[in-house]
Novice: 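Please see the structure below; I have some questions.
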Amino acid sequence: MPAFRRPSRPAHPVRVEPGPGQESVWDYPRPPRVEPRHERVVVRLGGVVVADTTAAIRVLETSHPPVYYLPRADFAPGALSRAEGRSLCEFKGQAGYVDVTGGGVVARRSGWFYAEPWPGYESLVDHIALYPGAMDSCEVDGEVVQAQEGDFYGGWITANLVGPFKGAPGTMGW
């Protein structure tokens, strides 16, 4: 009879020590923190600007690159349309989804929002988060962000962030 083997768990990641001017995603809190930002955020799809704002909100959660939420009012007319589906965040509540359209390209279910977020996350009302990998580009103060690996979290990675970042295969147990 074969011996019982306990399923292996992913190794806990080793935090990268941030250098001057850097942030470690391992210093972000859980539950997530919400903070207003004033950098210029520009999003392009289909070769056109679909969103441009200096009033984004950043959500910071342990091990995750920040997720930027952009005011609905700062999207180009016709860029957003309601998509099917819902999901539940243990902190923010029930999310709905949007398709993003720009330059004749439609990125299906590439954004999400919280119409009635739970306490502590009320500032996210009328804001849309986007998966940067579904857009042509997402920029923060002129820097093109790198999309967080995986298709679950939608984090925006900039040069000032150090990880390791949750999202890649094998990191769900962190």
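All heavy atoms count here, side chains included; hydrogens, waters and symmetry mates do not.
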Novice: State plainly whether one hydrophobic cluster holds both Leu60 and Trp156, where clusters connect Ile, Leu, Val, Met, Phe, Trp and Tyr through side-chain heavy atoms under 4.5 angstrom apart.
Specialist: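 Different clusters.
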Novice: Side-chain heavy atoms under 4.5 angstrom apart, residues restricted to Ile, Leu, Val, Met, Phe, Trp, Tyr: same cluster for Val98 and Val43?
Specialist: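 Val98 clusters together with Val43.
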Novice: Is the closest basic N to carboxylate O distance between Glu61 and Lys166 below 4.0 Å?
Specialist: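 Looking at Glu61 and Lys166, the cut-off is not met.
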Novice: Do Tyr153 and Pro65 have side chains that get closer than 4.5 Å, going by heavy atoms?
Specialist: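 The answer is no, as the side chains (C-beta and beyond) never meet within the 4.5 Å cut-off.
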Novice: Could you walk me through whether Tyr131 and Gln148 pass the side chain to side chain donor-acceptor pair (under 3.5 Å) test, one step at a time?
Specialist: CA-CA 9 Å; Tyr131 291 104; Gln148 179 179 12; over 6 Å; no
Novice: How about Pro13 and Phe165: do any of their side-chain heavy atoms sit closer than 4.5 Å?
Specialist: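 With C-beta onward as the side chain, the pair stays apart.
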Novice: Is it true that Arg30 and Glu90 have a side-chain N and a carboxylate O under 4.0 angstrom from each other?
Specialist: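 Glu90 and Arg30: salt-bridged.
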Novice: Spell out, as yes or no, whether a donor-acceptor pair under 3.5 Å connects the side chain of Asp126 to the backbone of Arg72.
Specialist: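 It does not hold such a pair.
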Novice: Does the pair Arg86/Glu116 count as a salt bridge with the N-to-O cut at 4.0 Å?
Specialist: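 Salt bridge flag = no for Glu116 with Arg86.
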Novice: Do Val41 and Phe113 share a hydrophobic cluster, counting only Ile, Leu, Val, Met, Phe, Trp and Tyr and linking them when any side-chain heavy atoms are less than 4.5 Å apart?
Specialist: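 As far as the 4.5 Å side-chain criterion goes, Phe113 and Val41 are connected within one cluster.
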Novice: Can you label the angle between the Trp112 ring and the Tyr69 ring as parallel, tilted or perpendicular, going by 30° and 60°?
Specialist: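 Perpendicular, since the angle between the ring planes exceeds 60°.
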Novice: Any chance you could measure Leu70, atom CG, to Cys138, atom SG, to the nearest 0.5 Å?
Specialist: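 Between Leu70 CG and Cys138 SG, I get 8.0 Å after rounding to 0.5 Å.
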Novice: Determine yes or no for a side-chain-to-main-chain donor-acceptor pair under 3.5 angstrom, with Thr101 supplying the side chain and Val106 the backbone.
Specialist: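 It does not hold such a pair.
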Novice: Grab the two heavy atoms, one from Arg40 and one from Val42, that are nearest each other, plus how far apart they are.
Specialist: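 That would be NE-CG2, 3.7 Å.
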Novice: Does the side chain of Val34 come within less than 4.5 Å of Tyr121's, by heavy atoms?
Specialist: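 A side-chain contact under 4.5 Å exists here.
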Novice: Checking Arg109 now: which residues fulfil side chain to side chain contact (heavy atoms under 4.5 Å, CB included) with it, not counting sequence neighbours?
Specialist: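 Side chain to side chain contact (heavy atoms under 4.5 Å, CB included) list for Arg109, sorted by chain: Ala83, Tyr97, Asp99.
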Novice: Are Ser137 and Glu139 packed together at the side-chain level, in the sense that at least one heavy-atom pair is separated by less than 4.5 angstrom?
Specialist: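 The answer is yes; the side chains approach within 4.5 Å.
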Novice: State, with a plain yes or no, whether a side-chain heavy atom of Val100 is found less than 4.5 Å away from one of Leu45.
Specialist: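 With C-beta onward as the side chain, the pair touches.
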Novice: Could you tell me whether a side-chain N or O of Glu143 sits under 3.5 Å from a main-chain N or O of Ala159, the two making a donor and an acceptor?
Specialist: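 Pair found, side chain donor or acceptor close to backbone of Ala159.
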Novice: Determine yes or no for a side-chain-to-main-chain donor-acceptor pair under 3.5 angstrom, with Gln22 supplying the side chain and Pro20 the backbone.
Specialist: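 Side chain of Gln22 to backbone of Pro20, a donor-acceptor pair under 3.5 Å: no, none is there.
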